[in-house]
> 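Below are the structure tokens for one structure; questions will follow.
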Protein chains: 2
Amino acid sequence: MPRPAKHHPERGDARTRLLEAARDVIRAKGFAATSVDDLCKAAGVTKGAFFHHFETKEALGVAAAAYWTETTSAFFANAPYRKLDDPLDRLFGYVEFRKAIIDGDPAEFTCLVGTMTQEVYGSHPAIRDACAASIFGHAATLEPDIAAAMAARGIEADWTPASLARHTQAVLQGAFILAKATGGRAEALDSVDHLKRYLTLLFSTPRSKGNPHDGS
Amino acid sequence: MPRPAKHHPERGDARTRLLEAARDVIRAKGFAATSVDDLCKAAGVTKGAFFHHFETKEALGVAAAAYWTETTSAFFANAPYRKLDDPLDRLFGYVEFRKAIIDGDPAEFTCLVGTMTQEVYGSHPAIRDACAASIFGHAATLEPDIAAAMAARGIEADWTPASLARHTQAVLQGAFILAKATGGRAEALDSVDHLKRYLTLLFSTPRSKGNPHDGS
DNA sequence: GGAAACATACCGAACGGTTGGTATGGACGT
DNA sequence: ACGTCCATACCAACCGTTCGGTATGTTTCC
């Protein structure tokens, strides 16, 4: 039950400020290259505050992933496209929304948990698990709409709503890497457009056939 | 013009061994978390050798990206699918080949330059540029086949061969992140299957129409 | 042909700075 | 008075980097 600091009433408490600093700094520099001092400086607190709230740097990484999950969940749950009636419209609304928030610097629109996963999957299993839960939890929110859209159009496919939902995340994560490589957003947006076109093709075909180029 | 070391003909020279160690260790631990000592230990050389061949750790990162470009270029150029006659068969052969090499531990099948890009794009521009050249250079090798396949089937599209080629890389990079998150390969393979299905749909439609769900 | 002069490849101890983490004490609300 | 919250001071380990040194060619000139 952490009470808000009273002597700095205009800013949030140290823990939240550290989590926000982690969100911003780690997206820009990566987890390993971000020092505890970096985070304290960005949050405007001292090391005493840091290790009061987090046992280790790894624990902060886990907490940052959890914080990311909370904030992004609320962000998408309240997005306008969620109010659309048709499930397929909501699915395309999601993709359009993702496109719309690809703006500014890569550090501002890329995914914290995707970045951390890539970096620490081998050395910090606790962080990796928190990131995986975030990514796949977010993907799971798309499944009901996909399933409903399939049912509404009578689509019998050799893919599952879950696999398509995860595929959207793969495309987004990959698009972020392209954006980081170039420093621009055009390549990322192009790739999301390809995803949009794929969804269009999937849901305009009355019956999804087997892949004629299947290697088997 | 470094000539090959003559007095130790049985092992590769220290430089190559360090580059191979970098390829393996950085894929497993990331660039920032990999120390120079780690690399020297893995390569079986001393720090003296390291800094004899590379001015800084960053310079090794650039060289490792260049080495990755060289070795993977040769690897794909000699792959069996390259011998197929039909351009579209080569394109699907490429995707199948990518699927086939997703095997073992993520550290063994994921992309060094994608990992490094994600991590150092902000702090080490020199490494980022070398990685970007590798990714987009590899993507460019797909463009001729895509363009030829489009021409052969009379496809008029609102996308370019270059954008589709880059999209394949985005899907692969994103698939690698999913694989790292779970520790398994199934999710990565699923996503590449979605890519394959997308290509099938694109090249089975006689004329690619505008996107009915376009937000405009 | 042979030795001097130079170049290349590598070793390993040491350095200054930074790292994640700790020990301790004080301000504050209850 | 007491626990929570945070600041200051500090530490040992580790970091990337430097550098004096050795071993082994290669080139040059007599």
Side-chain angles (χ1 to χ4, degrees), chain A residues 1-22 25-26 28-64 67 116 119-120 123-127, chain B residues 1-22 25-26 28-64 67 116 119-120 123-127:
Chain A
M1 205 68 43
R3 60 168 170 71
K6 285 264 173 64
H7 49 292
H8 283 301
E10 73 284 1
R11 322 194 281 183
D13 61 320
R15 190 187 135 90
T16 302
R17 309 240 308 287
L18 279 166
L19 290 174
E20 288 168 352
V25 181
I26 293 176
K29 309 210 311 177
F31 180 78
T34 298
S35 72
V36 174
D37 278 332
D38 287 339
L39 294 170
C40 292
K41 200 167 293 181
V45 302
T46 60
K47 275 205 194 179
F50 184 99
F51 285 102
H52 172 72
H53 290 289
F54 307 104
E55 249 189 47
T56 62
K57 188 191 171 189
E58 183 181 45
L60 167 106
V62 174
Y67 183 68
M116 285 205 294
E119 204 180 336
V120 305
S123 5
H124 295 284
I127 299 180
Chain B
M1 209 65 43
R3 60 174 167 68
K6 288 259 178 66
H7 50 293
H8 280 167
E10 74 281 2
R11 341 185 273 176
D13 60 332
R15 191 186 135 91
T16 301
R17 310 241 308 288
L18 279 166
L19 290 174
E20 287 167 355
V25 181
I26 293 176
K29 309 209 315 177
F31 179 78
T34 298
S35 71
V36 174
D37 275 331
D38 287 338
L39 294 171
C40 292
K41 200 168 294 180
V45 303
T46 61
K47 278 204 195 182
F50 184 98
F51 285 100
H52 171 74
H53 290 288
F54 307 103
E55 251 191 42
T56 61
K57 189 190 170 189
E58 183 181 45
L60 167 106
V62 174
Y67 183 68
M116 285 206 294
E119 204 180 337
V120 306
S123 5
H124 295 285
I127 299 179

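No hydrogens, no waters, no symmetry mates; every other heavy atom, side chains included, goes into these values. In what follows, every chain begins at residue 1, and chains take the letters A, B, ... in the order their sequences are listed. Given the structure is predicted, the values throughout are model-derived calculations rather than measurements.
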> Return the value, rounded to whole Å, for the distance between atom CD of Glu55(B) and atom P of dT17(D).
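Between P of dT17(D) and CD of Glu55(B): 10 Å.
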
> Any salt bridge (Lys or Arg N to Asp or Glu O under 4.0 Å) pairs touching residues 39-48 of chain B, not counting sequence neighbours?
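Qualifying pairs: Asp37(B)-Lys47(B).
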
> Do any side-chain nitrogens or oxygens of His53(A) fall under 4.0 Å of OP1 or OP2 in dC6(D)?
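True: His53(A) side-chain N/O within range (under 4.0 Å) of dC6(D) OP1/OP2.
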
> Between P on dG20(C) and CG on Leu39(A), what's the gap in Å once rounded to a whole number?
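Between P of dG20(C) and CG of Leu39(A): 8 Å.
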
> Could you state the atom-to-atom distance from CG of Leu18(B) to P of dA9(C) in whole Å?
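Computing the Leu18(B):CG to dA9(C):P distance gives 13 Å.
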
> Provide, to the nearest angstrom, the distance between the CG atom belonging to Leu60(A) and the P atom belonging to dG21(C).
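These atoms are roughly 10 Å apart.
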
> Got a sec, which residues hit side chain to side chain contact (heavy atoms under 4.5 Å, CB included) with Ala22(B), two or more places apart in sequence or on another chain?
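Side chain to side chain contact (heavy atoms under 4.5 Å, CB included) check on Ala22(B) returns Ile26(B), Leu39(B), Leu60(B), Ala64(B).
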
> May I ask you to evaluate whether His52(B) reaches the phosphate of dA9(C), defined as a side-chain N or O under 4.0 Å from OP1 or OP2?
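Yes, because at least one side-chain N or O of His52(B) sits under 4.0 Å from OP1 or OP2 of dA9(C).
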
> Under 3.5 Å, is there a donor-acceptor pair between the side chain of Glu119(B) and the main chain of Glu119(A)?
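Not confirmed, Glu119(B) side chain does not pair with Glu119(A) backbone.
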
> With sequence neighbours left out, write down each residue that passes side-chain hydrogen bond (donor to acceptor under 3.5 Å, both in side chains) with Lys29(B), or none if nothing qualifies.
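Once residues adjacent in sequence are excluded, the partners of Lys29(B) under the side-chain hydrogen bond (donor to acceptor under 3.5 Å, both in side chains) criterion are Asp38(B).
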
> Residues in salt bridge (Lys or Arg N to Asp or Glu O under 4.0 Å) with Lys57(A), at least two apart?
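For Lys57(A) there are no salt bridge (Lys or Arg N to Asp or Glu O under 4.0 Å) partners, ignoring immediate neighbours.
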
> What is the distance, rounded to the nearest whole Å, between atom CD of Glu58(A) and atom P of dT19(C)?
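Answer to the nearest Å: 19 Å.
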
> Could you give the NZ-to-P distance, from Lys41(B) to dC11(C), as a whole number of Å?
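Those two atoms, NZ and P, are 15 Å apart.
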
> In whole angstroms, how far is the P atom of dC6(D) from the CZ atom of Phe54(A)?
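For the pair Phe54(A) CZ and dC6(D) P, the rounded distance is 11 Å.
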
> For each nucleotide in nucleotides 11-16 of chain D, reading 5' to 3', give B when a protein heavy atom comes within less than 4.0 Å of its base, S when such contact involves only the sugar-phosphate, and - otherwise.
----SB

> Starting at atom CG of Asp13(B), determine the distance to atom P of dT8(C), rounded to an integer number of angstrom.
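Nearest whole value for this atom pair: 15 Å.
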
> Under the rule for side-chain hydrogen bond (donor to acceptor under 3.5 Å, both in side chains), what residues qualify as partners of His124(A), not counting sequence neighbours?
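Only Glu58(A) meet the side-chain hydrogen bond (donor to acceptor under 3.5 Å, both in side chains) criterion with His124(A).
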
